[in-house]
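Here's the structure we're looking at; comments come further down.
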Protein chains: 2
Amino acid sequence: MQDIKVAVDAVVFGYRQNTLYVLLIQQKFAGQKAYWALPGGLVKDNESLMDAVTRELKEETNVEVNYMEQLYTFGDDLKRDSRNRVISVAYFALIDSSKTNIKADTDADKVQWFPVKEVPHLAFDHNLILQTAFKRLKSKLTYKPVGFDLLPKEFLFSDLENLYCTILEKEIDRRNFRKKILSFDIVEETDRFAEKKTGRPARLFRFNSHKYKALEKEGFLFEIKFA
Amino acid sequence: MQDIKVAVDAVVFGYRQNTLYVLLIQQKFAGQKAYWALPGGLVKDNESLMDAVTRELKEETNVEVNYMEQLYTFGDDLKRDSRNRVISVAYFALIDSSKTNIKADTDADKVQWFPVKEVPHLAFDHNLILQTAFKRLKSKLTYKPVGFDLLPKEFLFSDLENLYCTILEKEIDRRNFRKKILSFDIVEETDRFAEKKTGRPARLFRFNSHKYKALEKEGFLFEIKFA
DNA sequence: CCAAAAGTGTTATCGCTACACCCATGC
DNA sequence: GCATGGGTGTAGCGATAACACTTTTGG
């Protein structure tokens, strides 16, 4: 009789001010060393994997994400959870962190954004899961317009550009980047401007996901490369 | 108490004579409609996911693959297996079908290569899994040198070219294709020639995976695009 | 000498890269 | 008027795409 548990875990990325963040929780446990961990938990018998992650995220962190996809199933290390054989189906999610109201809820003690470059040692194999998700984010940014899911609905071109620089850890030529993105015709000017403290006011832009989906069906490929 | 079973399934592709094949089995079941299915089965408590697929493949089909990677975990359809809640971690594998000696073994009644374009209605959600794997193969061909894992160690340039045409379902310019591949410097001439029935004898080539791995570390990107 | 597949180069076009100056605002 | 970020065009280069004839063998 098989005795393997099935869990889901979510790597939720957020972005603010030239920094990529990941959402971590610290579980309530009496008198045990408390590690930070990815939000997640066991799947219920009558619940899809996707529903399970969504539920856990809601329960543990109170967030609803903009984008989510299955990342990888971690089940080759038999001792990844020291108590039982548990395999984890990990998900990769993106959120506009500016409009998010995180709060610890039923299951979790603390919820907090950590800069991806400064995450502590996590519970289980969650550091590995996070690294896998980070790699996925880096590569996905270059061939799908997922960066927009990390930004507010209306954003500055410079924010988009900085998001790419920050996450990909590369320099980008501002002019070429702008030209490239605009050539896709999936980002639209608004007639609004950001309230800025200094410098020339910057126009706000909006991603037209409807248009993108239409173009995608016709074979259009989003692609950003760098020198 | 959670009651979910964990299975693994493998989509094993082979290639011969301008046709892409997938390896299917038909289970022994008395007096029940016999569907063809992907090789696979339940994971053992003390076995990694990877070991489980490898074992099942060996038991059910007697093959050892050239390339294998995790594909996707299917667990959103609660009724994908009508008997129990089972989630399946699907794997994607490539093999040189010419040197393979498939045979039904302990667990399976029949084992057979089916052209991917002519697979029947399969058990469970295996048609979906197969389609997912096929998509992965198509895209992976264009950015990783996985095509070589479907060919014999020594192969004709025309075979490689036909493999790309067949799987990607596109026309390719022979001269440009050859130039591109050779420019990568990961495929080497041998001094051997194929025994052919007709036409000018064709030189055999070999993929140098060692060289590829070295180049990859230095940031080299394999990439094949088409008009 | 004919059939069959292998092998081979050149040109035009397109897209990417590199690069520097002016603009609008707040103080 | 100065500091701060926003916004813009062009020229050179390298990569891709299009394209057809010659070579080698067997029959």
Side-chain angles (χ1 to χ4, degrees), chain A residues 16-19 141-143 151-152 154-166 168 170-206 215 219-227, chain B residues 16-18 141-143 151-152 154-166 168-206 215 219-227:
Chain A
R16 257 178 42 229
Q17 292 165 184
N18 300 350
T19 312
L141 261 191
T142 70
Y143 66 90
L151 292 173
E154 302 197 337
F155 55 87
L156 307 181
F157 233 102
S158 57
D159 284 340
L160 184 62
E161 186 195 314
N162 287 325
L163 185 150
Y164 270 84
C165 294
T166 303
L168 298 179
K170 292 201 179 159
E171 301 269 306
I172 304 178
D173 182 277
R174 275 168 55 220
R175 279 171 292 190
N176 292 339
F177 180 76
R178 191 179 180 113
K179 241 180 302 174
K180 191 69 182 286
I181 296 284
L182 289 176
S183 75
F184 294 153
D185 204 30
I186 53 176
V187 168
E188 302 168 338
E189 274 189 18
T190 68
D191 47 11
R192 306 189 52 235
F193 290 80
E195 286 149 26
K196 310 220 38 203
K197 44 263 141 213
T198 176
R200 175 173 173 175
R203 189 179 288 276
L204 289 164
F205 288 80
R206 193 188 304 121
L215 286 170
F220 162 76
L221 290 182
F222 181 91
E223 186 169 39
I224 304 279
K225 285 200 198 151
F226 297 101
Chain B
R16 257 177 43 228
Q17 293 166 183
N18 301 348
L141 261 192
T142 70
Y143 66 90
L151 291 174
E154 302 197 338
F155 56 86
L156 307 180
F157 232 102
S158 57
D159 285 340
L160 184 63
E161 185 194 315
N162 286 327
L163 184 150
Y164 271 83
C165 294
T166 303
L168 298 179
E169 303 170 288
K170 293 202 179 156
E171 301 268 308
I172 304 178
D173 181 277
R174 275 169 55 221
R175 280 171 290 190
N176 292 339
F177 180 76
R178 191 180 180 112
K179 241 180 302 175
K180 190 68 182 286
I181 297 282
L182 289 177
S183 76
F184 293 153
D185 205 30
I186 53 176
V187 167
E188 303 169 336
E189 274 190 18
T190 68
D191 46 12
R192 306 189 52 235
F193 289 81
E195 286 149 26
K196 311 224 37 203
K197 43 263 141 216
T198 177
R200 176 174 172 172
R203 188 179 288 278
L204 289 164
F205 289 79
R206 193 187 304 119
L215 285 169
F220 162 75
L221 290 182
F222 180 91
E223 187 168 38
I224 303 280
K225 285 201 197 150
F226 297 100

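All chains are named by letter (A, B, ...) in the order of the sequence lines, taking the proteins before the strands, and each is independently numbered beginning at 1. Just so it is clear, the values below take in all heavy atoms, side chains as well, and ignore hydrogens, waters and symmetry mates.
Residues B:Arg203 and B:Leu156 share a closest heavy-atom pair of O-CD2, 3.6 Å. Heavy-atom minimum distance, A:Arg178 versus A:Phe205: NH2-CZ, 3.7 Å.
Residue-to-nucleotide contacts include a donor-acceptor pair under 3.5 Å from the side chain of B:Arg200 to the base of D:dT23. Judged by distance alone with a 3.5 Å cut-off, a donor-acceptor contact links the side chain of A:Arg175 to the base of C:dA20. The base of D:dG7 sits within donor-acceptor range of the side chain of A:Arg174, with an N or O pair under 3.5 Å.
Nucleic acid contact class of B:Arg203 (heavy atoms, under 4.0 Å, all strands): sugar-phosphate only. B:Lys180 comes within 4.0 angstrom of the backbone, heavy atoms only, and of no base.
Closest to the A:Lys179 side chain, of the nucleotides D:dT10, D:dA18, D:dT8, is D:dT10. Side-chain proximity of B:Pro201 to C:dC19, D:dG6, D:dT25: nearest is D:dT25. With distances taken from any side-chain atom of A:Asn176 to the nucleotides D:dA17, D:dT4, C:dC19, the minimum falls on C:dC19. Comparing D:dG5, D:dC19, C:dT8 against the side chain of B:Asp173 picks out D:dC19 as the nearest.
When each of B:Gly199 and A:Leu182 is assigned the nucleotide of DNA chain D bearing its nearest heavy atom, the one mapping closer to the 5' terminus is A:Leu182.
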Exercise for the section: Start with the C-alpha gap between A:Ile224 and A:Ile181, add the side-chain angles, then the distance that decides, and say whether side chain to side chain contact (heavy atoms under 4.5 Å, CB included) holds. Expected result: CA-CA 8 Å; A:Ile224 304 279; A:Ile181 296 284; 3.6 Å; yes

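Side-chain atoms of A:Lys170 do not come within 3.5 Å of backbone N or O of A:Tyr164 as any donor-acceptor pair.
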